[in-house]
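Structure first, commentary second.
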Amino acid sequence: MASKNFSQRVLAFCQRIPRGRVCTYGQIARAIGRPQAARAVGSALRKNKYLIKIPCHRIVLSDGRIGNYQKGRRRKMKLLESEGVKIERGRIIEFDKYLFKV
DNA sequence: ACGACGGCCCTCG
DNA sequence: ACGAGGGCCGTCG
């Protein structure tokens, strides 16, 4: 069903996000045709087992805050910073600059 | 099948 | 700027 493809679609989309760029949960929800399912996107990512192959740390909140992560936000921030994303007080600086537009 | 629980988002005040 | 509240939806037990 649609929900079967749902997580697959989400993960597939994540793989397209370049290093050093970010996307929002809602953005992805819209991109895969489920504009109201932003929260469900998080549920799908929560189960992502291929953390290396699928960079789910590049998904953040719509207001530029980091949001949660399977391995903890701390880890998520480190990863983003290691890709050149500037973060200050738990929020991404120059958010729209790093935002990967679809 | 059902209900709770999230890696959310938007709208007020 | 900031918190509270309501809405939404896939996943798991």
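Protein chains get the first letters and strands the later ones, always in sequence-line order, with residue 1 at the start of each.
In this structure, the CD atom of A:Q27 is 16 Å from the C1' atom of B:dC10, given to the nearest Å. Rounding to whole angstrom units, CG of residue A:N48 and P of B:dG6 are separated by 19 Å. Rounded to an integer number of Å, the gap from CD1 of A:I66 to P of B:dC9 is 13 Å. The CD1-C1' distance, from A:I59 to B:dC8, rounds to 12 Å in whole Å. B:dC5 atom C1' lies 16 Å from atom CD of A:Q70, rounded to whole Å. Between the C1' atom of B:dC5 and the CG atom of A:N68 lies a distance of 13 Å, rounded to the nearest Å. Atom-to-atom, CG of A:L11 to P of C:dT11 comes out at 10 Å; the value is rounded to the nearest Å.
The CD atom of A:E88 lies 10.0 Å from the CE atom of A:M77; values are rounded to the nearest 0.5 Å. For the atom pair CZ of A:R9 and CD1 of A:I28, the computed distance is 12.5 Å after rounding to the nearest 0.5 Å.
In terms of phosphate contacts, A:S62 brings a side-chain nitrogen or oxygen within less than 4.0 Å of OP1 or OP2 of B:dC10. Put simply, A:K47 has no side-chain N or O that comes within less than 4.0 Å of OP1 or OP2 on C:dG10.
Nucleic acid contact for A:L61: sugar-phosphate only, since backbone atoms but no base atoms lie under 4.0 Å from a heavy atom of the residue.
Linking Ile, Leu, Val, Met, Phe, Trp and Tyr residues whenever their side-chain heavy atoms come within less than 4.5 Å places A:L61 and A:F100 in a single cluster. Grouping the Ile, Leu, Val, Met, Phe, Trp and Tyr side chains by contacts below 4.5 angstrom, directly or via other members, places A:V10 with A:Y25. One hydrophobic cluster, built from ILVMFWY side chains closer than 4.5 Å, cannot hold both A:I66 and A:L45; they sit in different ones.
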Could you check A:T24 against A:L99 for side-chain contact (heavy atoms from CB on, under 4.5 Å), going step by step and ending with a plain yes or no? CA-CA 8 Å; A:T24 73; A:L99 197 56; 4.1 Å; yes
Candidate pair A:Y98 and A:I93, rule side-chain contact (heavy atoms from CB on, under 4.5 Å), full reasoning: CA-CA 9 Å; A:Y98 297 105; A:I93 308 299; 5.7 Å; no
Would you sketch DNA chain C in dot-bracket for me? Only Watson-Crick or G-U wobble pairs with both distances under 3.5 Å count, crossing pairs as [ ], other-strand pairs as |, the rest as dots. .||||||.|||||
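Few gaps surround NZ on A:K101; more than 12 heavy atoms of other groups in view lie less than 6.0 Å from it.
The closest donor-acceptor contact from the side chain of A:K76 to the backbone of A:C56 lies at 3.5 Å or more, if one exists at all.
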When you compare the protein's N or O atoms with those of nucleotides 2-9 of chain C, which come within less than 3.5 Å of each other, and at what distance?
residue: C:dG7; atom: O6; partner: A:R39; partner atom: NH1; Å: 3.2

